[in-house]
Protein chains: 2
Amino acid sequence: MTTGVPIGKAAKRSGVKVPTIRYYEQIGLLTAPARSDGNRRHYDASDLHRLSFIRHARELGFEIDAIRTLLALQDDPNQPCATADGIAKARLADVEQRIRSLSALKTELQAMIEGCSHGRVAACRVIEVLADHGQCLHAGH
Amino acid sequence: MTTGVPIGKAAKRSGVKVPTIRYYEQIGLLTAPARSDGNRRHYDASDLHRLSFIRHARELGFEIDAIRTLLALQDDPNQPCATADGIAKARLADVEQRIRSLSALKTELQAMIEGCSHGRVAACRVIEVLADHGQCLHAGH
DNA sequence: CTACATCCTCTAGCAACTAGAGGAGCAAGC
DNA sequence: GCTTGCTCCTCTAGTTGCTAGAGGATGTAG
């Protein structure tokens with residue numbers, strides 16, 4: 001039987017960096033793994049699974065606290081999944097909101113760049129638009 | 001003649017919160033304004049203009065350092081605006097990238113939520129998808 | 001003149017890591 | 001057995017862009 005992999009391999013397999021793994025342990029997101037004689041962390045399959053779960057959730061933009069809740073849910077499969085559903089829905093709403101404002105920004109930045117005649121700053125719309133909020137194409141911010 | 005407005009009014013007019021204004025002064029983004037007898041900051045029109053400029057740039061997602069550069073450009077209008085243009089272009093590329101990845105996340109979150117049958121966690125697609133990266137709709141992360 | 005709002009400085013905290021110091025363990029080659 | 005060099009350990013402090021609070025001074029309205 002294998003004792004599990006050291007932190008470096010766990011990092012490579014899960015895609016979470018070594019110091020970040022230790023950080024997750026420190027804040028209690030990850031339970032402390034077994035240690036070898038030489039005091040080194042050794043991660044087994046379930047630890048790696050959990051790490052991948054965390055990484056994936058982080059990539060999707062879930063906050064640490066939300067992940068904490070999701071992990072707790074995962075450990076107790078008989079609970080109704082309304083909580084998980086709610087967390088995902090809140091995240092979706094957030095993502096949609098961000099896309100909306102970023103799209104507005106994009107339009108404005110494009111207009112700025114087009115307006116810039118590549119002359120002097122005095123005639124540059126980048127500065128001008130930023131200095132005078134009233135010139136914004138989108139009032140939404 | 002007016003001596004300028006105190007920090008609270010400056011905050012209201014510019015949309016930048018009081019502690020944030022002080023913070024900007026502290027990090028040298030904003031030059032220290034005049035002080036009254038009682039040691040209170042008083043902001044004049046040009047200070048307010050600058051504050052609005054900063055607020056707007058922050059809303060557009062510019063980093064403090066980029067804003068510092070933009071402010072320096074604004075103070076020296078005879079410089080070529082290629083720098084400001086470059087900063088705006090970099091920001092545009094960044095914004096576009098963010099929109100792309102957020103759109104991918106949105107699709108994935110929607111699929112997760114739709115797949116959730118509102119039953120038990122054991123059958124919850126939100127948890128399931130998070131746990132198994134292979135189920136992702138988008139491999140880009 | 002007394003409330004009460006606003007202001008001052010200073011320090012510490014937030015998320016979510018990242019970087020570095022200083023030291024110990026371990027595996028491989030000679 | 002020994003050295004080389006990589007990985008690992010703990011600990012502290014730094015990052016970005018603020019935000020919160022303590023403890024005190026000042027300005028203003030009734």
Side-chain angles (χ1 to χ4, degrees), chain A residues 2-30 32-43 47-48 50-51 53-71 87 90-91 94 98 141, chain B residues 2-30 32-44 47 50-51 53-71 87 90-91 94 98 141:
Chain A
T2 49
T3 334
V5 297
I7 198 166
K9 279 218 169 69
K12 250 168 216 146
R13 296 223 187 132
S14 65
V16 181
K17 287 183 206 151
V18 169
T20 308
I21 296 176
R22 285 197 278 247
Y23 167 72
Y24 286 160
E25 184 184 327
Q26 192 195 307
I27 62 167
L29 189 62
L30 216 58
R35 296 279 183 135
S36 74
D37 285 358
N39 197 33
R40 292 167 173 221
R41 292 168 180 87
H42 278 262
Y43 297 89
D47 291 327
L48 292 175
R50 204 162 251 255
L51 255 182
F53 183 102
I54 294 170
R55 181 194 141 216
H56 194 187
R58 285 297 296 139
E59 277 168 350
L60 288 174
F62 289 92
E63 288 177 7
I64 298 283
D65 255 16
I67 296 174
R68 224 184 275 273
T69 311
L70 289 170
L71 281 170
I87 291 170
R91 181 69 199 129
D94 182 37
R98 266 187 226 202
H141 62 267
Chain B
T2 49
T3 335
V5 296
I7 198 166
K9 277 217 170 68
K12 250 169 216 146
R13 296 223 187 131
S14 67
V16 181
K17 288 181 204 153
V18 169
T20 307
I21 296 177
R22 286 198 278 247
Y23 167 72
Y24 286 160
E25 184 185 326
Q26 193 195 307
I27 63 168
L29 189 62
L30 217 58
R35 297 278 184 136
S36 73
D37 285 357
N39 196 33
R40 287 162 177 225
R41 292 169 180 86
H42 278 263
Y43 296 88
D44 62 21
D47 291 328
R50 202 164 252 255
L51 255 183
F53 180 101
I54 294 169
R55 180 194 143 216
H56 194 186
R58 286 296 297 142
E59 278 170 349
L60 286 173
F62 289 93
E63 287 176 8
I64 298 284
D65 256 14
I67 297 174
R68 226 184 274 274
T69 312
L70 289 169
L71 281 170
I87 291 170
R91 201 95 293 268
D94 181 37
R98 273 198 238 178
H141 63 266

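So you know, we letter chains A, B, ... as the sequences are listed, proteins then strands, and number each from 1. Computed from a prediction, not measured in an experiment: that's the story for all the values here.
Shown here are the side chain to side chain donor-acceptor pair (under 3.5 Å) partners of B:Asp44, two or more places apart in sequence or in another chain: B:Ser46. Residues meeting the side-chain contact (heavy atoms from CB on, under 4.5 Å) test with A:Arg68, sequence neighbours left out: A:Ile27, A:Leu29, A:Ile64, A:Asp65. For the side chain to side chain donor-acceptor pair (under 3.5 Å) test, residues two or more places apart in sequence or in another chain that qualify with A:Arg91 are A:Asp94. In this structure B:Lys17 satisfies the side-chain contact (heavy atoms from CB on, under 4.5 Å) test together with B:Pro19, B:Thr20, sequence neighbours excluded. Applying the salt bridge (charged side-chain N to carboxylate O under 4.0 Å, His left out) criterion to A:Arg50, with sequence neighbours excluded, gives A:Asp75. Applying the side-chain contact (heavy atoms from CB on, under 4.5 Å) rule to B:Lys9 yields the partners B:Val5, B:Pro6, B:Arg13; only residues at least two apart in sequence or on another chain are considered. In this structure, A:Asp37 has no salt bridge (charged side-chain N to carboxylate O under 4.0 Å, His left out) partners at least two apart in sequence or on a different chain. Evaluation of the salt bridge (charged side-chain N to carboxylate O under 4.0 Å, His left out) rule for A:Arg41 yields A:Glu25 as partners, not counting sequence neighbours.
At least one side-chain nitrogen or oxygen of B:Arg58 sits closer than 4.0 Å to the OP1 or OP2 atom of D:dC18.
Computed from coordinates, the B:Glu63 CD to D:dT15 P distance equals 14 Å when rounded to whole Å. One interatomic measurement links the two molecules: CZ of B:Arg41 to P of D:dA25, which rounds to 17 Å at whole-angstrom precision.
Nucleotides of DNA chain D nearest to B:Gly38 and B:Ile64 differ in position, and the one nearer the 5' end is that of B:Ile64. For A:Asp65 and B:Gln26, each mapped to the nucleotide of DNA chain C holding its nearest heavy atom, the one lying further toward the 5' end belongs to B:Gln26. Heavy-atom distances to DNA chain C give each of A:Asp37 and A:Tyr23 a nearest nucleotide, and the one nearer the 5′ end belongs to A:Tyr23.
Looking only at side-chain heavy atoms (C-beta outward), A:His42 and A:Pro33 stay at 4.5 Å or farther from each other. Using a 4.5 Å heavy-atom cutoff, the side chains of B:Tyr24 and B:Arg58 are in contact. Contact check for A:Leu30 versus A:Ile54: side-chain heavy atoms found under the 4.5 Å cut-off.
DNA chain D is contacted by A:Arg22 of residues 13-22 of chain A, taking any non-hydrogen atom closer than 4.0 Å.
In this structure, the separation between CG on B:Leu71 and CZ on B:Phe53 is 5.0 Å, given to the nearest 0.5 Å. The OG atom of B:Ser14 lies 7.5 Å from the CZ atom of B:Arg55; values are rounded to the nearest 0.5 Å.
Of all nucleotides in DNA chain C, those with any atom nearer than 4.0 Å to a heavy atom of chain B start and finish, going 5' to 3', at C:dT6 to C:dT9.
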Watson-Crick and G-U pairing of DNA chain D, under 3.5 Å, as dot-bracket with | and [ ]: ||||||||||||||||||||||||||||||
Show each protein N/O and nucleotides 4-7 of chain D N/O combination with a separation under 3.5 Å, one pair to a line.
from  : atom 1 : to      : atom 2 : distance (Å)
D:dT7 : O2     : A:Arg40 : NH2    : 3.1

